[in-house]
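Only one structure is covered here, and it is reproduced in the block below.
The model shown is predicted, which means the values in this text are computed figures rather than measured ones. Only this structure's heavy atoms are used, side chains among them; waters, hydrogens and symmetry mates stay out. Letters A, B, ... are given to chains in the order of the sequence lines, protein chains preceding strands, and every chain is numbered from 1.
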Amino acid sequence: MTFILDPAEPTESPLLAGLNPRQREAVEYRGQALLIVAGAGSGKTSVLTRRIASLIDSREAWPSQILAITFTNKAAAEMRERVEALLGQAAQGMWISTFHSACVRILRREAEHFGYGKNFTIYDSADSRALIKRIIKQLEADAFGFTVGQVAGKISKLKNELSDVESYARGANFNDPQERIFLDIFREYTRSLSSANAFDFDDLIGQTVYLFRAFPAVAALYQRRFRHILVDEYQDTNHAQYALIRELTRSPQTDLLEGATGFDGSVLKDPTRPLDPASLTVVGDSDQSIYAFRGADIRNIVEFERDYVGAKVVLLEQNYRSTQNILSAANAVIGNNFDRIDKKLFTTVGDGEKIIGFTGYSQHDEAQFIADEITELHQQGVEYRDIAVFYRTNAQTRALEEIFIRSALPYRVLGGTKFYERAEIKDAFGYLIAVANPDDPMALRRIMNVPKRGIGGVTEATLQNWADREGVTLREAMRHADEMGFGPKITAAVLGLVAVLDEVSLVADTAPVPEILIALLERTGFVEALRATGNPQDEARAENVEELVAQTREYRVRNPEGTLLEFLTETSLVAAADELDDSSGTVSLMTLHTAKGLEYEAVFLTGVEEGLLPHQMSASEPGGPAEERRLFYVGITRARRRLYLSLAMTRAQFGDVSVAMPSRYLQEIPPELIDWRQSPGMATSRGGTQPRALNARREGFTGVGSGYERSSAPGATALARAARAAQPKTEWTNKVTGTVRDNGDLTLVAGDRIRHVDFGDGKVTAVTGVGPKSIAEVQFESAGRKRLLVKLAPIEKLS
DNA sequence: TCATAAAACCTTTTT
DNA sequence: GGTTTTATGA
């Protein structure tokens, strides 16, 4: 065997500089299909951008022949910047976007092929739900136990599997009234969308696939254009997205392109030359698959080699992000998922700090710890923007925000209650949509009586009936309001509104967005009406609308040619992570789902409790607990140097307090990796000494889990209880995390004196609630008035 | 038709 | 705890 020493070749491309051998291979491999299995923090974004840059740099591809799919718009923008930085020039014509944005772009261009207008509206989840609600009411399906959430979930699921009304009907059992009615709802929903010239989120993907399958000539155009397709976060693609990629990577039927026009408008030359299918690169990590609830199918990545025969697989396991302690914890946790290919992340940067654990008495206590630690970190020189706080559910932000405000910490909540979800903003958008797409009745209904014009439900129903009878749109019916026997005031109101809309519609394709919005607001008196009420909340709403005007102005500056339609598209597809502003000096708060793909110097993973992480709802889902574990894994691996895991012993939900137990996942982390500032074990009962772990857990379950038991079939509760009892006790009696404080049957009445570990001595002023949920209000001598859960607070009664 | 009040429902996670 | 739906009367 000969060893050839390989000194760095002088001619080596700078695009490969600093890459390890695996990464280089992923950049340089050329072939039909490439799967990059990229563990967390293994530099996959770097690999992807360099791969794109190298394709362009070597003249193997024009920028316009590249289609790269990312998970968020922000990731797309970042990738574009990085590619352009590598190439040292703008790479015009690359499509780097999310699945949804790419599909909207294709659909706007091709919608007219199948009966849609290019000015179609995109219904977000709230719009879809509003429509489904209307249909359920109209068909009186609520009597059969149909809820909006169920129906919306089922329709979304079907669409993600590329089912439509017909294909569903084929497999439906018509003897089952439930199924017949669901089919009616589904059919009506589909009909409503198409007559409104609207797509819902799932349609954007599904209808694009349909378009490609039904119109091979259209498909061929895109198959020919995109020669290199790259998909990031492939483990979270659903069946529809998978099918879309399959369609795009088919060999174009070149005979269909004869005489077709290319994207630059020129007639394609030599359309009959056979073309290879586009090359496909996918990047993913099945350990980070966390969107099964949205139809993501892990098989897409697991079976990639079967789907694309001859595919090359490259594994990236070296981690460039985190310390070894953080990685060891992550490896230990994910190792408990058994149906996976074992892979171990490693690093060369050393162990780093220990993970810090903290157990609060309440969620506020937990939040206070986090706030204190952040203050401390900031004093040590960590920027606020390098710190993130993660949680499982959006509801958890409340306690965090309260404490952060009190501690004067600058923070920003990603996702959550979005600006665009505010009623007044949706109203303003209602006007814009009504102008852009006159066929959309949802937008019209939303604004019909905003501001108040005296057009109520009765008037609206009369208009709708007239429209249905005449077979015209609601908008057209409004133009004939004088033929329906309304009073003079209502007639004038309807005609006035529709006149404004019609007039502004004329310039919808050409006028700048801010001008359109301002024209609508002024002519309808929307903002004025808000200001006139004298209600401070309405004043705030008016300011929000003004803020929207400012945003349209910004959009105009960013995008001088941008049309109303493009503005509406952009705003309907913003993701939570898109709101991140890297230059802001604030701590970021977000859900674990939003955190995917991001990284921070210091990460606080909060609410690591049974019922929350894993979430209660996941227990009844197949694969639920494993997916929750991956979610935990994703959270851990976001941290570069500092990781904090925190939980609370009690958590308030729906206004009442319940006992929380440490998450099972905490016990999967080797104890020596965690430095517990206050462990669940340390907080154990001062009042009683009996082993409480099992008792406490059961109480925790019945307390937090009442929702689960209520929704189960009658037999299921007993079964679940038996299953719980059968679990080995040892799983729960871990020295570190297995017990909670328990004051046993301690009862307090007003007037009792108590001593609290943190707050000192105090006097009980009132007791509310019964049994394990009783809460004492205590006036402390120095710490003020507090509300404490009698059963769990670190208190003792003074006699 | 609309304002106020009582009541119900809620909470996984998201493009 | 907070939003949203429904009931009631003006």
Exercise. Does the pair A:Tyr123 and A:Asp440 meet the rule for a side-chain hydrogen bond (donor to acceptor under 3.5 Å, both in side chains), with working shown?
Worked result: CA-CA 10 Å; A:Tyr123 280 9; A:Asp440 186 349; 2.6 Å; yes

Problem set entry | Minimum-distance nucleotide to A:Thr393 side chain [options: B:dT12, B:dT14, B:dT15] | B:dT12

Seminar exercise, completed: Quick note, A:Phe201 side chain, CB onward, closest among B:dT12, B:dT14, B:dT15 is B:dT15

For this session: Check whether the side chain of A:Ser125 and the base of B:dT15 form a donor-acceptor pair under 3.5 Å.
Result: yes

Problem set entry | Mutual orientation of the aromatic rings belonging to A:Phe567 and A:Phe429 [parallel < 30°, tilted 30-60°, perpendicular > 60°] | parallel

Exercise. Taking the six-membered ring for Trp, are the ring centroids of A:Phe293 and A:Tyr291 within less than 6.0 Å of each other?
Worked result: yes

Exercise. A:Tyr291 stacking on B:dT14: centroids under 5.5 Å, ring planes under 30°?
Worked result: no

Exercise. Once the angle between the rings of A:Phe632 and A:Tyr665 is folded into 0 to 90°, is it parallel (under 30°), tilted (30 to 60°) or perpendicular (over 60°)?
Worked result: parallel

Exercise. Whom does C:dT8 pair with, Watson-Crick or G-U wobble, provided both distances fall under 3.5 Å?
Worked result: B:dA3

Exercise. Want to settle it: does A:Leu573 or A:Lys452 sit nearer the 5' end of DNA chain B, counting the closest nucleotide to each?
Worked result: A:Lys452

Problem set entry | Residues A:Arg664, A:Glu628: salt bridge by 4.0 Å N-O rule | no

Exercise. Per the atom types in the model, does the base of B:dT13 pair as donor or acceptor with the side chain of A:Arg392 at under 3.5 Å?
Worked result: yes

Give me, pair by pair, the N or O atoms of the protein and of nucleotides 2-6 of chain C that are less than 3.5 Å apart, along with how far apart they are.
{"from": "C:dT5", "atom 1": "OP1", "to": "A:Lys133", "atom 2": "NZ", "distance (Å)": "2.7"}

Exercise. Would you call A:His615 stacked on B:dT12, i.e. ring centres under 5.5 Å apart with the planes less than 30° off parallel?
Worked result: yes

Problem set entry | 5' priority, DNA chain B, between A:Thr459 and A:Phe71 [closest heavy atom] | A:Thr459

Exercise. Got a sec, which residues hit salt bridge (Lys or Arg N to Asp or Glu O under 4.0 Å) with A:Glu599, two or more places apart in sequence or on another chain?
Worked result: A:Arg321, A:Arg640

Exercise. Between C:dT4 and B:dT13, how far is it from one C1' atom to the other, in whole Å?
Worked result: 22 Å

